[in-house]
Student: 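Sharing a structure here in structure tokens format.
Throughout, a chain's letter reflects where its sequence line sits, starting with A, and its residues are numbered from 1.
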Amino acid sequence: MDREEYVERVLSLVERIPAGRVTTYGALAEAVGVGGPRQVGTVMATYGGPVPWWRVVHADGRLAHEEDDDAARQHHLGEGTPFRPSGKVDMKQAMWWPDVLSAEPGPLLP
DNA sequence: GCGCTGACTGAGG
DNA sequence: TCCTCAGCCAGCG
């Protein structure tokens, strides 16, 4: 697939993350099926503006991009995302695994 | 074609 | 918990 389509799939998955839940770069990469976590990171850094980027976190629950760390925390608090005392997201509760089929843009879903 | 860079990850200390 | 290191994959000079 070309880059545009890849970007579109990643963003569409991020949009599907329910409020109060999060997913990881690696999970998104796996759901799309192409590239790796870093590729997803690049996409988010470049095109992630319009989507709820704060719901995409590191594999261990740390919030991405420390400069916006505070803004992300506010969003999560507002959505009721489970946090650990350490200031990281509680991945056991908050992890949302993307539905692989959702990454398909075509009329694959009934 | 080549090297650098990055919103990553997992293992080890 | 935090830090480091190696592996990884694309985009961009």
Student: Rounding to a whole Å, what distance do you find between A/E30:CD and B/dC8:P?
Tutor: 18 Å

Student: Kindly express the pairing pattern of DNA chain B in dot-bracket notation, using | wherever a base pairs with another strand and counting only Watson-Crick or G-U pairs under 3.5 Å.
Tutor: .|||||.||||||

Student: A/H58 has a side chain; which of C/dA10, B/dC8, C/dT1 sits nearest to it?
Tutor: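 Selected nucleotide: B/dC8.
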
Student: Anything under 3.5 Å between a protein N or O and an N or O of nucleotides 3-5 of chain C, put it in a table, one pair a line.
Tutor:
none

Student: Closest approach of A/A27 and A/T23, non-hydrogen atoms and distance?
Tutor: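 Nearest pair, atom of A/A27 first, then A/T23: CB-OG1, 3.4 Å.
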
Student: Which residues in residues 38-47 of chain A have at least one heavy atom lying under 4.0 Å from any atom of DNA chain C?
Tutor: A/R38, A/Q39

Student: Please report, to 0.1 Å, the donor-acceptor pairs under 3.5 Å made by any side chain of residues 83-92 of chain A, with sequence neighbours excluded.
Tutor:
{"unit_1": "A/D90", "atom_1": "OD1", "unit_2": "A/K92", "atom_2": "N", "d": "3.1"}
{"unit_1": "A/D90", "atom_1": "OD2", "unit_2": "A/Q93", "atom_2": "NE2", "d": "3.0"}

Student: Ignoring hydrogens, what is the shortest heavy-atom contact between A/E30 and A/W97? Give both atom names and the distance.
Tutor: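 Closest heavy-atom pair between A/E30 and A/W97: OE2-CZ2, 3.8 Å.
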
Student: Let me check something: any side-chain donor-acceptor pairs from residues 31-48 of chain A under 3.5 Å, sequence neighbours excluded? List them with distances.
Tutor:
{"unit_1": "A/T42", "atom_1": "OG1", "unit_2": "A/R38", "atom_2": "O", "d": "3.0"}
{"unit_1": "A/T46", "atom_1": "OG1", "unit_2": "A/T42", "atom_2": "O", "d": "2.9"}
{"unit_1": "A/Y47", "atom_1": "OH", "unit_2": "A/R3", "atom_2": "NH1", "d": "3.3"}
{"unit_1": "A/Y47", "atom_1": "OH", "unit_2": "A/R3", "atom_2": "NH2", "d": "3.1"}

Student: Step by step, would you call A/V56 with A/I17 a side-chain contact (heavy atoms from CB on, under 4.5 Å)?
Tutor: CA-CA 9 Å; A/V56 185; A/I17 304 173; 4.2 Å; yes

Student: Atom CD of residue position A/E4 - does it have more than 12 heavy atoms of other residues, nucleotides or ligands inside 6.0 Å?
Tutor: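 Incorrect, the count does not exceed 12.
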
Student: For the pair made of CZ in A/R62 and C1' in B/dT9, what is the distance, rounded to whole Å?
Tutor: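 So the two atoms are 10 Å apart, to the nearest Å.
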
Student: Using the six-membered ring wherever Trp is involved, compare the ring planes of A/W54 and A/H75 and label them parallel, tilted or perpendicular (cut-offs 30° and 60°).
Tutor: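 Correct class here is parallel.
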
Student: If you check every side-chain atom of A/W53, which of C/dG11, B/dA7, B/dC8 has the closest atom?
Tutor: B/dA7

Student: Check the distance between C/dA10's P and A/Y6's OH and give it to me in whole angstrom.
Tutor: 8 Å

Student: Scan for salt bridge (Lys or Arg N to Asp or Glu O under 4.0 Å) pairs involving residues 45-60 of chain A, sequence neighbours excluded, and state none if there are none.
Tutor: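 Listed by first then second residue: A/R55-A/E79, A/D60-A/R62.
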
Student: Take atom CG of A/L13 and atom P of B/dA7, then tell me their distance rounded to the nearest Å.
Tutor: 21 Å

Student: Quick one: closest heavy-atom pair of A/L28 and A/P98, and the distance?
Tutor: CD2-CG, 4.1 Å

Student: Rounded to the Å, how far apart are A/Y25 OH and C/dC8 C1'?
Tutor: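 Checked: the OH to C1' distance equals 16 Å.
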
